[in-house]
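Quick notes on the structure that follows.
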Amino acid sequence: MSIRAEIKYKIMKDYGAPALMALQEFKRRKPRPIPEAFGPPLESNKRLKEILSRHYFLSRYVPGVKKVAWVTSGAPVELLRAFDFYTIYPENHSALIGAKKQGADYCGIAEGSGFSQDLCSYARIDLGHMLSGKTPAGKLPKPDLLFCSNNICQTVLYWYKAIAHELDIPLIHFDAPFVTTEQTEADITYMAQQLQDMIPILERVSQRVFYLDVFEDILKCSMETSQTWGAILDAMKAQPAPMTIFDAFGHLAPIVSLRGFPVAQDYYHILMEEVETRVTQGIGAISDERYRLIWDNIAIWYKVRFLATFFAERKMNFVTATYTNAWAETTGYLDVKDPWTSMAKTYGQIILNNNLKHRLELMKKMIKTYAVDGMVMHSTRSCKPYSVGQFDLRKALTADLDLPAVILDADIADERVWSEQQIHTRLEAFCETLEGSRNA
Amino acid sequence: MIPARSEYLKELAQSGQKIMGVLPALYPRELLWAFDIHTAEIWDPPGEILHANAHLQTTICPIVKRSLEFILKEPDVINAGYLFPHTCDSLQNLGTQVKDLIGVSLPVYTFYNPKGSFNTTTTTYYRDILQNFQSSLETSYGPLDSEKLLTACVLSHKIDSHLITIQHARMTDQLPLSNSEFFKLMRAQEYLLPKDYLSLLEQVDILDQPAKTTGARLLVSGILPPTPEILEFLDELGVSVVADDLLAVSRRIPKFPMDPPTSALDYLTDRFFILPPCSTRGGDLDERLYHLSKLMNESQVQGLLFDIVKFCEPELFDHRLLVKTLRERNIPVLTLETELHNHISGQDKTRIEAFTELLFDMVVT
Amino acid sequence: MPDLYFAGVDVGSLSTDVSIIDQSGKVMSEIVIPTGVNGSEAAENAFDSALKLANLERESITAITATGYGRASVTFATGKTTEISCHGVGAHQLFPKTGTVIDIGGQDSKVIQIDSQGRMLDFTMNDKCAAGTGRFLEVMANRLELDLSELSSPLNIEGESAPISSTCTVFAESEVISLLAKHTPREHIVHGLQRSIVNRIWSMVASIGIKGDVTLTGGVALNRGLVALLEEKMGLTLNIPENPQTVGSLGAAHIASRAYINQTGTSRVKGVK
């Protein structure tokens with residue numbers, strides 16, 4: 001670790017970052033006009049942008065000061081925090097690029113290098129970024145370590161393997177056996193042991209010693225943060241809901257990529273407060289909430305604003321989603337006094353690692369408790385664990401609950417996968433059904 | 001003479017044999033044999049896909065689609081249940097989709113394949129899940145006779161030994177079989193009773209000396225062997241597939257001969273971990289390259305054929321680096337994409353011919 | 001020494017082309033006719049026309065190599081070779097420093113890497129869909145109510161272009177319809193379409209890599225607008241044959257000539273080091 005780099009990092013953290021935030025705030029004097037269909041925007045949005053920009057900004061001063069790890073969204077990052085790794089989440093980065101409608105560009109780089117167009121677009125974008133060094137987030141540091149878990153999909157293992165080979169760096173994979181009915185003792189033992197096995201490599205790469213008490217504090221912080229996030233999502237049961245799931249897609253970023261840090265913990269307290277106030281005052285995310293919807297699967301990042309507006313104009317609000325719920329659902333299993341086993345239970349039972357019976361029951365529960373009137377399922381080309389089985393889930397839910405539903409064929413971050421005609425036809429038909437069933 | 005798959009299984013089912021339908025790819029078949037359950041593998045059942053499309057998106061691989069189509073037909077030959085080993089995301093989800101959402105009248109089992117290399121943690125886990133699987137079978141079939149399990153392991157070991165010898169003989173031109181004949185023999189493993197398969201292997205003629213060959217030699221890599229039409233076409237063009245890196249064939253055969261089993265649990269665990277590297281088990285890329293190099297050197301091939309099943313994610317991720325490295329070493333590579341129709345398109349014929357022209361100094365007449 | 005003559009017959013999905021050369025490689029005649037519904041007939045007719053043009057009889061042709069999609073139907077051929085080999089050899093004959101050949105045909109497109117003798121080293125083909133082929137342009141020309149030639153005129157590279165994002169021809173056509181409905185000027189749409197094709201071609205080229213000089217063949221090489229964009233994208237100048245459509249048949253004729261002159265009827269296989 002170089003002294004110069006450490007000093008620079010400290011200066012940037014304490015002075016540079018705040019200065020940047022102030023500059024951005026100054027530039028942002030003129031707010032973008034909000035369409036009538038929406039309620040007042042969340043005040044917390046400002047703070048959200050700040051902490052995320054700060055995180056990406058500081059990352060360029062990290063080389064020589066901290067070791068950098070690229071991490072998957074479902075990985076037990078708390079362990080990395082105990083070694084003070086600076087973490088980057090390629091999925092988050094790819095989503096950002098997708099939202100900027102630059103996904104196709106980056107995919108093109110990966111495809112030109114020989115990766116098939118049939119692969120997950122998060123992966124193609126990330127590989128495009130890794131191969132070219134290009135990024136709209138300024139400048140991302142190269143990783144010293146890759147940390148992945150297949151509890152969200154097997155693809156991350158293939159993807160991270162490719163990066164590990166290209167950059168010649170170690171890859172740690174947390175193997176999470178799929179939950180067919182229940183997690184078994186064997187599964188839990190296996191995962192708990194893997195976590196402990198990782199410690200020597202993490203010590204070696206990070207050049208830091210593992211302290212159990214430091215780790216326990218991080219776990220505690222992480223737990224509390226997830227619980228707060230869960231409470232925020234719960235608050236959307238209110239009618240009208242104080243937030244929309246499209247907002248939640250954005251507010252997801254800290255729990256995914258800054259989990260374990262006080263900054264994320266504090267942030268969700270701020271958001272929780274604002275959300276509670278809105279509930280008390282009856283302020284809704286959209287100005288006139290007549291229909292409440294559930295969203296299934298990851299966001300269509302390049303069409304979030306379009307979809308949010310489309311539905312808000314029709315007085316429809318998304319009040320719950322399986323995706324945003326994933327970082328709150330299994331928090332209850334965490335136990336600071338029994339870290340390894342409890343992490344095995346928490347991370348092993350993430351929705352995408354769990355059987356479809358569980359998913360069906362979960363969705364039924366969400367539809368009932370959030371008073372949902374209709375369902376929109378994003379069938380994403382990129383994500384097999386989320387999309388394979390959707391047709392049958394839809395059938396089961398529409399049959400059991402008499403729920404209007406629509407499936408949109410699109411993608412998470414590759415904007416080329418979008419058929420304007422087809423989507424519009426389906427959306428219009430869905431709205432007619434929804435409105436029709438209300439009037440009937 | 002190798003009996004045809006459907007007739008063989010039909011007769012077997014009619015005789016009262018318990019038959020479990022097994023999806024790709026790796027599973028402790030010896031355990032099922034010990035319960036007198038025959039393992040009939042479901043990889044690419046032929047026929048039109050009609051009903052599966054109501055359950056699966058268009059961008060799902062044909063192995064998954066065809067398998068589901070087959071399961072939805074409720075075939076009589078499968079009477080003991082279905083086993084979904086964990087291989088990839090799509091098959092993982094197909095298992096739970098069939099079990100929990102679509103529903104079938106037979107029991108559905110799963111078996112997880114750990115995605116890590118050999119160490120105490122993974123081997124302990126593997127032994128545990130073997131025992132768990134045994135327990136779940138015992139609830140339906142009664143207590144396991146451990147003698148039978150050892151016998152099954154011994155049988156499996158014999159089959160492996162023959163396969164290793166046969167594979168080696170093919171690489172050194174001591175196995176006078178056409179591409180079609182060879183892969184028919186390899187694929188018979190998917191449906192023949194192990195004792196029948198062993199007899200078949202025992203009858204295979206191996207020459208004492210390598211035969212003189214003039215044609216081009218290829219290594220094929222992928223999930224399944226090329227379709228019979230493609231294999232015949234390659235035979236016509238004088239191209240021999242002398243080695244393979246296929247999940248359905250060589251990636252399921254131990255890298256080297258094992259000692260005859262004395263403890264079933266040890267044998268099954270060890271065997272799993274000495275299988276060649278595979279994209280579906282997160283096989284390290286350097287290991288895969290090393291393994292391919294070894295195969296290429298041993299079999300003196302002129303080039304490589306990647307036969308990739310459309311939408312196969314594990315294969316496609318690895319494919320890019322493998323091809324890049326091979327190109328850097330000036331090794332001719334051809335990549336075909338298959339949807340598992342036994343019909344070779346004009347375009348693929350052209351590709352294969354052009355590749356053959358590349359391999360041969362003079363053009364094909 | 002009596003003159004020897006060799007012919008190459010390329011039966012493509014859209015056109016059938018014949019080239020006749022002598023043993024020194026001098027081109028005696030070249031013919032391009034539409035294939036129509038009967039490839040065998042087209043081959044016969046084209047061959048007869050080429051003979052007439054060269055003032056030669058059938059008997060004076062020593063060897064005939066057939067190539068292209070319909071090569072199997074050329075009954076009078078003495079040999080068959082894929083169009084990939086033929087394009088490689090043909091491009092090499094016209095531009096000896098060629099290392100990479102890009103062929104954009106009616107229904108497929110390919111990139112071929114060749115050695116200093118014009119022999120294939122590696123190739124990649126896009127034949128699963130129309131995007132990046134002549135068919136794509138046909139569909140779009142139709143939709144824009146333009147003549148194909150109007151889609152070929154040189155355009156201002158710096159000018160505005162309406163982005164077409166779909167990789168699929170069918171969806172791209174829908175995009176064009178939407179753009180027309182929004183009164184987007186046709187030149188911008190044409191520019192967008194050209195860029196779209198160029199991007200597809202560029203991915204294919206990038207996947208195999210550029211080696212030596214690059215020669216562009218196939219009917220689309222006559223599209224000056226596309227050529228300019230492709231050159232800009234690739235950052236180099238492309239070799240454009242005078243008759244880009246007959247590169248395949250020319251190559252086939254040379255292959256017939258080589259096979260005969262070298263008198264190697266059987267194949268020799270090169271080993272891998």
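Each chain gets a letter, A, B and so on, in the order its sequence line appears, and its residues count up from 1.
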Which atoms of B/Arg327 approach chain C - backbone, side chain, both or neither, heavy atom under 4.5 Å: side chain
Within-4.5 Å side-chain heavy-atom neighbours: C/Met120 and B/Phe355: no
Test applied, side chain to side chain contact (heavy atoms under 4.5 Å, CB included); reference residue, C/Thr82; option that passes from B/Lys349, B/Arg351, B/Glu357: B/Glu357
Under the ring-ring contact (aromatic ring centres under 6.0 Å, His included) test, residues paired with B/His319 that sit two or more places apart: B/Phe306
Crowding at NZ, C/Lys97 (>12 non-hydrogen neighbours, <6.0 Å): no
Reported CG-to-CG distance for the pair B/Asn330 and C/Asp122, which is rounded to 0.5 angstrom: 9.5 Å
Under 4.5 Å from a heavy atom of chain C, the part of B/Val333 involved: backbone
More than 12 heavy atoms of other groups within 6.0 Å of B/Glu328 CD: yes
Neighbour count >12 (heavy atoms, 6.0 Å) for atom NZ, B/Lys184: no
Qualifying ring-ring contact (aromatic ring centres under 6.0 Å, His included) pairs, either residue in residues 59-118 of chain C, two or more places apart: C/Phe47-C/Phe76
